[in-house]
Amino acid sequence: MSLARVHNFSVSLDGFGTGEGLSRDEPFGHAGERLHEWMFATRWWKEATGGSGGTAGLDDAFARKFQPGVGAEIMGAGKFGYPGWHEDPEWKGWWGPNPPFHTPTFVLTHHPRPSIEMEGGTTFHFLDASPAEALEAAREAAGGQDVRIGGGVTVIRDFFAAGLIDHMHVVVVPVLLGRGERLWDGLEGLEKDYDVEAVSSPGGVTHLTFSRP
């Protein structure tokens with residue numbers, strides 16, 4: 001069976017995966033882009049956004065695992081759009097006409113709408129479903145490839161709580177946010193179910209991987 005994987009998910013030293021005060025102008029609230037600056041500096045990111053240059057070391061090597069072997073993505077309503085996006089029929093996500101997923105992408109929301117086909121192979125499907133039901137639908141669409149659990153914080157936490165995540169790459173960034181959504185709440189003892197490895201990068205972040213034995 002295909003795996004459910006998380007890649008390039010960043011948290012602060014105090015465990016927050018996003019800040020407080022999310023809005024259309026501030027997708028990560030008061031955190032801004034601080035949790036993702038490590039990724040923006042990589043060669044992989046520069047290439048993916050049409051630029052050049054960037055770092056080619058450890059951070060880049062981890063970042064590049066985002067796409068290979070993934071046939072579908074699951075994300076929460078808060079990753080797809082700002083609070084209240086469901087009231088805007090023209091909203092198609094943060095990423096412009098060619099989103100970076102390039103797969104069928106399932107958005108978990110209490111406000112389903114018709115699917116949206118974008119450029120580059122991304123089609124957004126909107127589901128009001130449990131984690132298990134969403135994973136079943138995504139696996140069917142993935143055609144034997146893995147399913148990426150894309151976030152945000154609540155979605156990843158819910159999939160962990162349901163025992164559905166097989167592999168996770170989380171990046172601990174040396175900033176303190178103090179408020180927002182904390183990834184690890186309610187997941188005490190999670191490490192007992194996984195092989196956990198950690199490696200520090202010269203860029204200042206720590207890459208943690210959780211893999212089922």
Next on the checklist: Assess the residue pair Glu117 and Lys92 against the criterion (salt bridge (Lys or Arg N to Asp or Glu O under 4.0 Å)); give the C-alpha distance rounded to whole Å, side-chain angles, the decisive distance to 0.1 Å, and a yes or no.
Outcome noted: CA-CA 10 Å; Glu117 186 172 350; Lys92 297 181 180 180; over 6 Å; no
Item to check | Non-hydrogen side-chain atoms of Phe210 and Val170 separated by less than 4.5 Å | outcome: yes
Checklist entry - Should Val11 and Phe16 count as side-chain neighbours, where that means a heavy-atom distance under 4.5 Å? => result no
Next on the checklist: Between Phe62 and His169 (judged by ring centroids, cut-off 6.0 Å), do the two rings come close enough to count as a pair?
Outcome noted: yes
Item to check | Co-membership, hydrophobic cluster, residues Val171 and Phe66, 4.5 Å side-chain | outcome: yes
Checklist entry - How would you list all residue pairs meeting salt bridge (Lys or Arg N to Asp or Glu O under 4.0 Å) that involve residues 141-150, not counting sequence neighbours? => result Arg5-Asp146, Glu73-Arg148
Next on the checklist: I'd like to know if the side chain of Glu133 and the backbone of Ser130 have a donor-acceptor N/O pair within less than 3.5 Å.
Outcome noted: yes
Checklist entry - For Gln145 and Gly69, which heavy atoms make the closest approach, and how far apart are they? => result CB-O, 3.4 Å
Checklist outcome for this item: Taken in chain and number order and not counting sequence neighbours, the residues that satisfy ring-ring contact (aromatic ring centres under 6.0 Å, His included) with Phe160 are Tyr194
Checklist entry - Does Arg24 pair with Asp88 as a salt bridge, N-O distance under 4.0 Å? => result yes
Checklist entry - Nearest heavy-atom pair of Leu164 and Ala132: which atoms, and what distance? => result CD1-N, 3.7 Å
Checklist entry - Do Ile149 and Val155 pass the side chain to side chain contact (heavy atoms under 4.5 Å, CB included) test, and can you show the C-alpha distance, the side-chain angles, and the key distance before you say yes or no? => result CA-CA 8 Å; Ile149 312 300; Val155 165; 3.9 Å; yes
Checklist entry - With no hydrogens and no angle check, is any side-chain donor or acceptor of Thr122 less than 3.5 Å from a backbone partner on Met118? => result no
Checklist entry - Going only through I, L, V, M, F, W and Y residues with side-chain contacts under 4.5 Å, is there a path from Phe9 to Val70? => result no
Checklist entry - Does any non-hydrogen side-chain atom of Ile165 lie less than 4.5 Å from one of Val6? => result yes
Next on the checklist: Could you walk me through whether Thr123 and Ile116 satisfy the side chain to side chain contact (heavy atoms under 4.5 Å, CB included) test, starting with their C-alpha distance in whole Å, then the side-chain angles of each, then the deciding distance to 0.1 Å, before giving a yes or no?
Outcome noted: CA-CA 6 Å; Thr123 299; Ile116 305 173; over 6 Å; no
Next on the checklist: Can you see whether Ser12 engages Asp14 through a side-chain donor-acceptor pair at a distance of less than 3.5 angstrom?
Outcome noted: yes
Checklist entry - Is there a side-chain contact between His207 and Glu197 (heavy atoms, below 4.5 Å)? => result no
Next on the checklist: Could you check whether any side-chain heavy atom of Glu26 comes within less than 4.5 Å of a side-chain heavy atom of Glu20, counting everything from C-beta outward?
Outcome noted: no
Checklist entry - Do the non-hydrogen side-chain atoms of Val199 and Thr206 ever get within less than 4.5 Å of each other? => result no
Checklist entry - Would you say the ring centroid of Phe126 lies under 6.0 angstrom from that of Trp91? => result no
Item to check | Close side-chain approach of Val147 to Leu3, heavy-atom, < 4.5 Å | outcome: no
Checklist entry - Quick one: does Trp85's side chain have a donor or acceptor within less than 3.5 Å of a partner on Ala77's backbone? => result yes
Checklist entry - For His167, what residues pass the ring-ring contact (aromatic ring centres under 6.0 Å, His included) criterion, not counting sequence neighbours? => result His7
Checklist entry - Do the side chain of Thr109 and the main chain of Pro112 share a donor and acceptor less than 3.5 angstrom apart? => result no
Please output the side-chain donor-acceptor pairs of residues 33-41 that fall under 3.5 Å, not counting sequence neighbours, one pair per line with the distance.
unit_1, atom_1, unit_2, atom_2, d
Arg34, NE, Ala31, O, 3.2
Arg34, NH2, His30, O, 3.2
Trp38, NE1, Ser10, OG, 2.8
Trp38, NE1, Leu35, O, 3.4

Checklist entry - Could you go step by step and tell me if Arg113 and His125 meet the side chain to side chain contact (heavy atoms under 4.5 Å, CB included) rule? => result CA-CA 8 Å; Arg113 60 171 58 179; His125 305 284; over 6 Å; no
Item to check | Contact summary for Pro89 and Glu87, nearest pair of heavy atoms | outcome: CD-O, 3.4 Å
N/O donor to acceptor pairs below 3.5 angstrom from side-chain atoms of residues 93-108, sequence neighbours left out:
unit_1, atom_1, unit_2, atom_2, d
Trp94, NE1, Lys79, O, 3.0
His102, ND1, Gly120, O, 2.9
Thr105, OG1, Thr103, O, 3.2

Item to check | Polar side-chain atom of Asp59 near backbone of Thr42 as donor-acceptor pair, under 3.5 Å | outcome: no
Checklist entry - So, the side chain of Asp60 versus the backbone of Trp44: is there a donor-acceptor pair under 3.5 Å, distance only? => result yes
Distance-only criterion, 3.5 Å: show the donor-acceptor pairs between side-chain atoms of residues 135-144 and protein atoms not counting sequence neighbours.
unit_1, atom_1, unit_2, atom_2, d
Arg139, NE, Ser2, O, 3.1
Arg139, NE, Ser2, OG, 3.2
Arg139, NH2, Ser2, O, 2.7

Checklist entry - Is there side-chain contact between Leu208 and Glu191, with heavy atoms separated by less than 4.5 Å? => result no
Checklist entry - Is there a chain of hydrophobic side chains (I, L, V, M, F, W, Y, each step under 4.5 Å between heavy atoms) that links Val172 to Phe28? => result no
Next on the checklist: Please find the pair of heavy atoms, one from Met168 and one from Leu183, that lie closest to each other, and give the distance.
Outcome noted: CE-CD2, 3.6 Å
Next on the checklist: Distance check, rounded to the nearest 0.5 Å: Leu190 atom CG versus Arg157 atom CZ?
Outcome noted: 12.5 Å
Next on the checklist: Starting from Val205, can I reach Val196 by hopping between I/L/V/M/F/W/Y residues whose side chains sit under 4.5 Å apart?
Outcome noted: no
